[in-house]
Amino acid sequence: MSTAKKEYKRITVKSLVDMKKNGEKISMLTAYDYSMAKIVDSANVDVILVGDSASNVMAGHETTLPITLDQMIYHATSVIRAVDRALVVVDIPFGSYQSDPKEALRSAIRIMKESGAHAVKLEGGIEIKESVKRILNAGIPVMGHLGLTPQSIYKFGTYTVRAKENQEADKLMEDAHLLEKLGCFGIVLEKIPASLTKKVSESLTIPTIGIGGGKHADGQVLVIHDLLGMTYEFHPRFLRRYMNLYEEMGDAISKYVTDVKSRDFPSDEEQY
Ligand code: KIV
């Protein structure tokens, strides 16, 4: 089994490429606020993603589409204040880069300048080539995202596994190579067959980070609320839950309510 091989004081985009070269798997998790980011960073997670999944787990929207650039910058700013070691990557939200490359660059610059983040992530391949080029030319590191791209959910119609058919798998492979050639430092591969993740990962020098992409990705990412069992109604096959916080937090809060109602809290020792 491959475990951490080298101490990294601060993770950079170069560290991630080195990890792939050295056969060290990359850990990535989402965070959207200061307190959670502090815990995630202290646990030595390599990459913290301020994902547009904040739209779902923080704001309660059904999709990632409604979250705005200002809201993403607010989340990213809170995360950055907490982080000493991890590389912080921020999703450019839907509607802030698709219309033209200049808008994409303006959005990326706002994220970097206003939040202090280290890199941005965009969904798509050839369709966003000019935007990726322009952002990279400005010196901003870019992570790609292929496979199930949640910002296109209304085009796909469902959240099922992508690229099972040859045509879509071939396009994904071409897109991955294009993103590498343009200069992206990594690519998230979401919900695609493990065999395709293996082929893509073996043919690239930049790392792939899987979510529902199987064991052959160079790293793994999960949404922190899913890992901690706070989103109890969401249980895709790829998700490993490490806690059942929905129940544990609910129990603790119920006990608090009981203690307040029964006048047990606060006690003599808990007052001034
Ligand atoms: O927004 C997000 O959390 C993501 C991950 C699912 C990779 O993009």
Side-chain angles (χ1 to χ4, degrees), residues 16 25-33 36-37 40 45-69 71-76 78-79 86-98 107-108 111 115 117-125 128 141-153 156 158-163 172 175-176 179 184-192 197 200-201 206-214 217-228 230-231 234-241:
L16 302 181
K25 295 281 187 183
I26 297 163
S27 58
M28 174 160 152
L29 266 183
T30 66
Y32 318 96
D33 67 275
M36 194 70 96
V40 173
V45 166
D46 298 314
V47 184
I48 295 182
L49 173 66
V50 183
D52 57 2
S53 49
S55 180
N56 310 107
V57 296
M58 299 301 287
H61 293 296
E62 207 175 305
T63 72
T64 58
L65 276 67
I67 199 159
T68 65
L69 184 59
Q71 288 165 342
M72 289 302 297
I73 290 171
Y74 167 76
H75 287 297
S78 311
V79 166
L87 182 85
V88 177
V89 181
V90 181
D91 268 334
I92 309 190
F94 176 72
S96 311
Y97 64 97
Q98 287 90 349
S107 300
I111 289 173
S115 76
H118 310 135
V120 296
K121 176 164 83 59
L122 288 80
E123 296 182 4
I128 56 158
V142 175
M143 177 171 250
H145 185 154
L146 300 172
L148 177 64
T149 46
Q151 292 179 10
S152 306
I153 188 57
F156 298 147
T158 76
Y159 284 99
T160 51
V161 180
R162 305 300 313 174
L172 190 145
D175 282 343
L179 293 173
C184 289
F185 69 88
I187 303 174
V188 166
L189 296 177
E190 181 162 355
K191 238 176 164 186
I192 62 169
T197 300
V200 174
S201 304
I206 57 170
T208 59
I209 311 289
I211 174 162
D218 301 304
Q220 298 294 328
V221 57
L222 285 176
V223 169
I224 184 84
H225 290 63
D226 299 336
L227 173 149
L228 296 175
M230 294 169 86
T231 48
F234 181 63
H235 33 74
R237 189 202 296 196
F238 69 76
L239 174 61
R240 185 178 292 183
R241 281 195 208 291

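Any value given below was found using the heavy atoms of this structure, including those in side chains, with hydrogens, waters and symmetry copies removed. Atoms within each ligand, like the ligands themselves, are counted from 1 in listed order.
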Tell me, please, which residues at least two apart from Lys121 pass side-chain hydrogen bond (donor to acceptor under 3.5 Å, both in side chains).
Asp91, His145
Taking the side chain as every heavy atom from C-beta outward, state whether Met143 and Met28 have any atom pair closer than 4.5 Å.
yes
Tell me, please, which residues at least two apart from Asp218 pass salt bridge (Lys or Arg N to Asp or Glu O under 4.0 Å).
Lys20
Residue pairs meeting side chain to side chain donor-acceptor pair (under 3.5 Å), one or both in residues 53-69, sequence neighbours left out, come to Tyr32-Ser53, Thr68-Gln71
Dump all N/O pairs between ligand 1 and the protein below 3.5 Å as a table: atom names plus distance, one pair per row.
from, atom 1, to, atom 2, distance (Å)
ligand 1, 1 (O), Asp52, N, 3.2
ligand 1, 1 (O), Asp52, OD1, 3.0
ligand 1, 1 (O), Ser53, N, 3.0
ligand 1, 1 (O), Ser53, OG, 3.2
ligand 1, 1 (O), Asp91, OD2, 3.1
ligand 1, 3 (O), Ser53, OG, 2.5
ligand 1, 8 (O), Lys121, NZ, 2.9

Exercise: do Thr231 and Asp226 side chains pair donor with acceptor under 3.5 Å:
yes
Over 12 foreign heavy atoms within 6.0 Å of CZ, Phe238:
yes
